[in-house]
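What follows is a set of notes on a single structure, which appears directly below.
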Amino acid sequence: MENQDCLKKQVISSFSAKHYKGEHLFISKLRHQAINTFIKKGFIFDNKYNTLFSIFDKEFNFFAIKKNIELVNPNSNYTILQKIKHFLYCKKSYIIVCINGQYNYIIYPDNVYDNKIIISNIFSQKEKYIKPFYSTLLNVYYNPFSIINTIFSINGVYIYIPDHVILKHPIEILHISTKSYKKTMLYFRNLIIVGKSSYVNIIESCKSLSLEKSSFINNSVTEIYAMHNSKIDYYKVQNDLEDTYFVDNTYIKQYMDSSCSTYTLSLKAKFIKNYLNFFSHGKNTSSYLYGISLLSQQQIIDNETFIQHLFSNSKCLQLYKNILLDQSISIFHGKIFVSKLIQKINAFQKNQNILLSEEAHVISKPQLEIFSNAIRCSHGCTIGNFNKNDIFYLQSRGLNKYNVQILLLISFLDKILQNIKISKIKILIINYIEYKIKNNIYNV
């Protein structure tokens, strides 16, 4: 409690009443509303495994970092691409580069420029286009990290896909930190609107260019609006430095006949907290929440999902799979809410875990809050190790112990991997499995 109080004082004292250059007046008002809300409520946590507070102290810095422009040269896309191409997942894509938490640059694919779409920053857009969407999904319930993001974030990413546009190339949002930011919070902000009967594929990832140890926190807020009959595939790749902390807050509002799939892939960080919120705001919506984590040492993954059904004839699937080594910990908290008089909801959540160490821990907390009878909602959780019969069978076919473990773990993740359409992301996950097993040979 003492640490929380100290942290609250740090946030309040770091807030500046000055307007950020270029921002709209309504965003400035939202900052003031957010700081007033935070002053009243502060931090509310009851999770004993939440270790975020252990890194805060009196020296913690809540100011947004001024951008470092060394990486960026607007006159030379080639130079920038050469520096960041190893961090990208597609050969040809729209590339948004954010540096130290701020939108900085966009690179279009060669010979492609579709003026129907808008991929830019929030401040450059007219207020009337962003005001109906910006920060409106954050009010469903109080989240202190979303509030802090609203207080300090500067000029995030804006993506608008008009009606009836099938985007051929994916959009990659690449967050780069240019040097060590010990005890500092970085703020990412995305506002994404996908029009009626449109489709988009988005990949978001982070990379640190510094090899020094850092203990900074990536505190991100993403708001997504999927209009009627639209389809969105969203990938979040959490694969940065081992000392990085992630606090991701994603809000998705779906309208009639829309389909949204999220892939949360947590491979490297010290602590990861993912808040993923779906709001089904029309009939016949489809929501798919996939999660893979592969952690070792003392790493912690905490996935908290919330699905709100306000209309009938919708379905949602949550499938989270974890592979845990050493003293790593996985926490899954999934909540499904179905309102009164709603019918024909098919909602299912499954949390499956493989523990490759007696010291690894899993905590799974499903929660169903249902006020209607004509629905199907269920949940399930499994925790275990390798199946000895499978091991015996594969070894009898000539595979060694190392390859047996890799094959079984890939098979364990197969239901999610087969839905991932980006081949480089699949390869990344498989390479991580091989790396972890190679460095941690266990008795099976």
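Treat the numbers as computed from the prediction; the structure is a model and nothing was measured.
Using a 4.5 Å heavy-atom cutoff, the side chains of C260 and F278 are in contact. Side-chain contact between I148 and Y187 is present, with at least one heavy-atom pair separated by less than 4.5 Å. Side-chain contact between Y235 and N201: present, with at least one pair of heavy atoms (C-beta onward) separated by less than 4.5 Å. With contacts defined as side-chain heavy-atom distances shorter than 4.5 Å, the pair Y89/L428 qualifies. Annotation: side chain of H169 is not in contact with side chain of C90 (no heavy-atom distance under 4.5 Å). In this structure, I252 and Y234 have side chains that are not in contact, with every pair of non-hydrogen atoms separated by 4.5 Å or more. Here the side chains of F246 and T244 are in contact, with some heavy-atom distance below 4.5 Å.
Checked by atom type and distance alone, the side chain of Q299 never pairs as donor or acceptor with a backbone atom of K268 at under 3.5 Å. No side-chain donor-acceptor contact under 3.5 Å links N190 to the backbone of G156. With hydrogens and angles ignored, the 3.5 Å screen pairs a side-chain donor or acceptor of K424 with a backbone N or O of L88. Judged purely by atom type and a 3.5 angstrom limit, Y432 has no side-chain atom pairing as donor or acceptor with the backbone of L295. Remark: the backbone N or O of A374 is not paired with any side-chain donor or acceptor of K344 at under 3.5 angstrom. Between the S197 side chain and the H164 main chain, no donor and acceptor come within less than 3.5 Å of each other. At distances below 3.5 Å, not a single donor-acceptor pair connects side-chain atoms of Y158 with backbone N or O atoms of Q125.
The nearest pair of heavy atoms linking H309 to A347 is NE2-CB, 4.4 Å. Closest heavy-atom contact between Y134 and L30: CD2-CD1, 3.6 Å.
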Q) Would N149 and V247 satisfy side chain to side chain contact (heavy atoms under 4.5 Å, CB included), going step by step from the backbone distance to the final call? A) CA-CA 10 Å; N149 183 289; V247 181; over 6 Å; no
Q) Given K207 and N239, is the side chain to side chain contact (heavy atoms under 4.5 Å, CB included) satisfied, shown in steps? A) CA-CA 8 Å; K207 275 299 170 187; N239 176 34; 3.9 Å; yes
Q: Show your reasoning for whether side chain to side chain contact (heavy atoms under 4.5 Å, CB included) applies to N353 and C381.
A: CA-CA 8 Å; N353 306 273; C381 175; 4.1 Å; yes
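Side chains of N143 and N249: a donor on one and an acceptor on the other come within 3.5 Å. Side-chain atoms of D233 and Y199 include a donor-acceptor pair closer than 3.5 Å. S208 and S177 are linked by a side-chain donor-acceptor pair at a separation below 3.5 angstrom, with hydrogens and angles left out of the test. Residues Q343 and S312 have side chains that never bring a donor and an acceptor to within less than 3.5 angstrom of each other. Of the N and O atoms on the side chains of N303 and N274, at least one donor lies less than 3.5 Å from an acceptor on the other residue. Between the side chains of S286 and S259, no donor-acceptor pair of N or O atoms lies under 3.5 Å.
With respect to H32, the ring pair (Phe, Tyr, Trp, His ring centres under 6.0 Å) criterion is satisfied by exactly one of F15, F38, F26: F15. For the side chain to side chain donor-acceptor pair (under 3.5 Å) with R189, the lone residue among N219, T150, N155 that qualifies is T150.
In summary, the aromatic rings of Y320 and Y290 are positioned with their centroids too far apart to meet the 6.0 Å limit. Between Y108 and Y94, a ring centre-to-centre spacing shorter than 6.0 Å is recorded. You'll find the ring centres of Y263 and Y288 outside the 6.0 Å limit.
A cation-pi contact links K273 to Y275, judged by a cut-off of 6.0 Å to the six-membered ring centre and 45° from its axis.
Remark: S198 OG to K231 NZ distance equals 13.0 Å, nearest 0.5 Å.
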